Amino acid sequence: MKNFLKQIQQLYFGYLFMALVPLAFLAFWKTYFSGLLVNDDSFHFYFHFHVVAAVCWLVLLIVQPILFRQKKLLLHRKLGKLSYLFFPLLILSIILLAHYRYLATKNPEPVQLLIPFKDIIIALYGFSIALYYKKRILLHARGMLLTGLVFLEPVLVRIFSNYLFPWPYAMYVVMGLIYSIFILIIVSERKTNEGRWVFPSVFVFYVLVHLAILNNWNIPFFNAFGNWFAHLDLT
């Protein structure tokens, strides 16, 4: 069992994000990449900006653990400085795209903003951990992992909804997969001296946000935030 859990940890530190590259291409083929092949100009700049920022961050998440395992620590540290550029660009791209799509939606509901801002909150939480504990490898790595796990839901939702299941069943399946991944990580981390506290709170946060979205909860403070966000002159 101990060897199995160690293998699981090696899987999600780096290799998981390698798998996300072809999965993301498949997920967004119908709604984005296929349009690029026919010179479709219907995509606003915010879509392209978000794709470039997400790819840059994903590449960094793939390369950095590999460099660390190969003990190329100097190069690992030098590339790590790119995170101070790539991460703010990623967050900015999410905010701009969320704002653009929210204004483009007929009769938008503030609850739909929970989807992108959930990812922003989790990514900021993870990146803050990674920065604060940058000299404590176990905590730093787990913080960076969280910044990549936010890619799972948008990728998996589109794969299942575009190719396998109708809505909302696709969302139910994805929720089950994400919960299973977090439970597996939490179980594999349960005897880790450092870092086992990182994932449980995020797991609970995922569950609460999903419940709010599926049940269309009326959250007064978030409704106020949605109205304020909609009136910002961002896009």
Side-chain angles (χ1 to χ4, degrees), residues 20 23-24 27-28 31-32 44 46-47 49-51 53-54 57-58 87-130 143-162 165-183 185-186 198-235:
L20 268 180
L23 288 177
F28 293 95
T31 57
Y32 182 76
H44 199 280
Y46 304 117
F47 288 92
F49 178 38
H50 177 61
V51 170
W57 189 249
L58 189 56
F87 186 77
L89 289 177
L90 175 65
I91 297 301
L92 178 61
S93 74
I94 298 174
I95 292 173
L96 291 176
L97 185 59
H99 188 268
Y100 174 78
R101 297 181 68 178
Y102 188 69
L103 295 184
T105 302
K106 185 178 181 180
N107 300 320
E109 294 290 338
V111 70
Q112 74 188 64
L113 289 174
L114 281 173
I115 299 173
F117 278 93
K118 161 184 61 63
D119 296 337
I120 290 173
I121 291 171
I122 294 173
L124 286 172
Y125 174 64
F127 192 63
S128 298
I129 292 173
M144 293 301 287
L145 175 64
L146 277 180
T147 68
L149 287 177
V150 298
F151 290 101
L152 281 178
E153 185 174 282
V155 167
L156 293 177
V157 163
R158 283 163 179 81
I159 288 177
F160 280 96
S161 61
N162 288 339
F165 301 108
W167 191 265
Y169 302 106
M171 184 62 187
Y172 299 151
V173 174
V174 172
M175 286 166 56
L177 285 174
I178 289 176
Y179 298 164
S180 298
I181 290 171
F182 268 93
I183 290 171
I185 291 175
I186 291 170
V198 170
F199 300 102
S201 58
V202 178
F203 174 55
V204 172
F205 183 60
Y206 259 109
V207 173
L208 290 175
V209 170
H210 286 155
L211 286 174
I213 294 171
L214 292 175
N215 294 286
N216 197 27
W217 285 355
N218 181 27
I219 309 175
F221 79 88
F222 199 80
N223 292 341
F225 169 79
N227 292 328
W228 169 80
F229 184 69
H231 286 88
L232 287 178
D233 188 17
L234 292 178
T235 59

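Residue numbers run from 1 in the order of the sequence given. In this text the structure is predicted, and so the values were computed from the model without any measurement.
- Annotation: salt bridge (Lys or Arg N to Asp or Glu O under 4.0 Å) contacts involving residues 107-121, sequence neighbours excluded, comprise Lys118-Glu153.
- Centroid-to-centroid, the aromatic rings of Phe229 and Phe117 come within less than 6.0 Å.
- Between Leu177 and Phe160 there is a side-chain heavy-atom pair separated by less than 4.5 Å.
- In this structure, CZ in Phe203 is found 10.0 Å from CG in Leu208, a value given to the nearest 0.5 Å.
- Leu149 places none of its side-chain heavy atoms less than 4.5 Å from the side chain of Ile122.
- Counting all heavy atoms, side chain and backbone alike, Ile159 lies closest to Leu23 at CD1-O, 3.5 Å.
- When atom types are taken as modelled, the side chain of Asn162 and the backbone of Ala27 share a donor-acceptor pair closer than 3.5 angstrom.
- No side-chain heavy atom of Val198 sits under 4.5 Å from any side-chain heavy atom of Leu145.
- Atom OH of Tyr206 sits about 5.0 Å away from atom CD1 of Ile178, to the nearest 0.5 Å.
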> What's the verdict on ring pair (Phe, Tyr, Trp, His ring centres under 6.0 Å) for Tyr179 and Phe182, showing C-alpha distance, side-chain angles and the deciding distance?
Replying inline: CA-CA 5 Å; Tyr179 298 164; Phe182 268 93; 8.3 Å; no
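- Contact of the Tyr125 side chain with the Ser201 side chain is registered, since non-hydrogen atoms from C-beta on lie closer than 4.5 Å.
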>> Between Gln112 and Arg101, does the side-chain contact (heavy atoms from CB on, under 4.5 Å) criterion hold? Intermediate values first, please.
In response: CA-CA 10 Å; Gln112 74 188 64; Arg101 297 181 68 178; over 6 Å; no
>> What verdict does the ring pair (Phe, Tyr, Trp, His ring centres under 6.0 Å) test give for Phe165 and Tyr172, after you've listed the backbone C-alpha separation in whole Å, the side-chain angles of each residue and the deciding distance to 0.1 Å?
In response: CA-CA 10 Å; Phe165 301 108; Tyr172 299 151; over 10 Å; no
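- Taking all atoms of both residues into account, the shortest heavy-atom contact from Phe87 to Ala123 is CZ-O, 3.4 Å.
- The closest donor-acceptor contact from the side chain of His99 to the backbone of Leu232 lies under 3.5 Å.
- Between Leu96 and Leu234, some side-chain heavy-atom pair lies under the 4.5 Å cut-off.
- Side-chain contact between Leu152 and Leu20: present, with at least one pair of heavy atoms (C-beta onward) separated by less than 4.5 Å.
- The closest side-chain heavy-atom distance from Trp217 to Val111 is not below 4.5 Å.
- Taking the side chain as every heavy atom from C-beta outward, Leu146 and Val150 never approach each other to under 4.5 Å.
- For the pair Ala53 and Ser93, the tightest heavy-atom approach, listed with the atom from each and the gap, is CB-OG, 3.8 Å.
- To the nearest 0.5 Å, the span separating CH2 on Trp57 from OG1 on Thr147 amounts to 5.0 Å.
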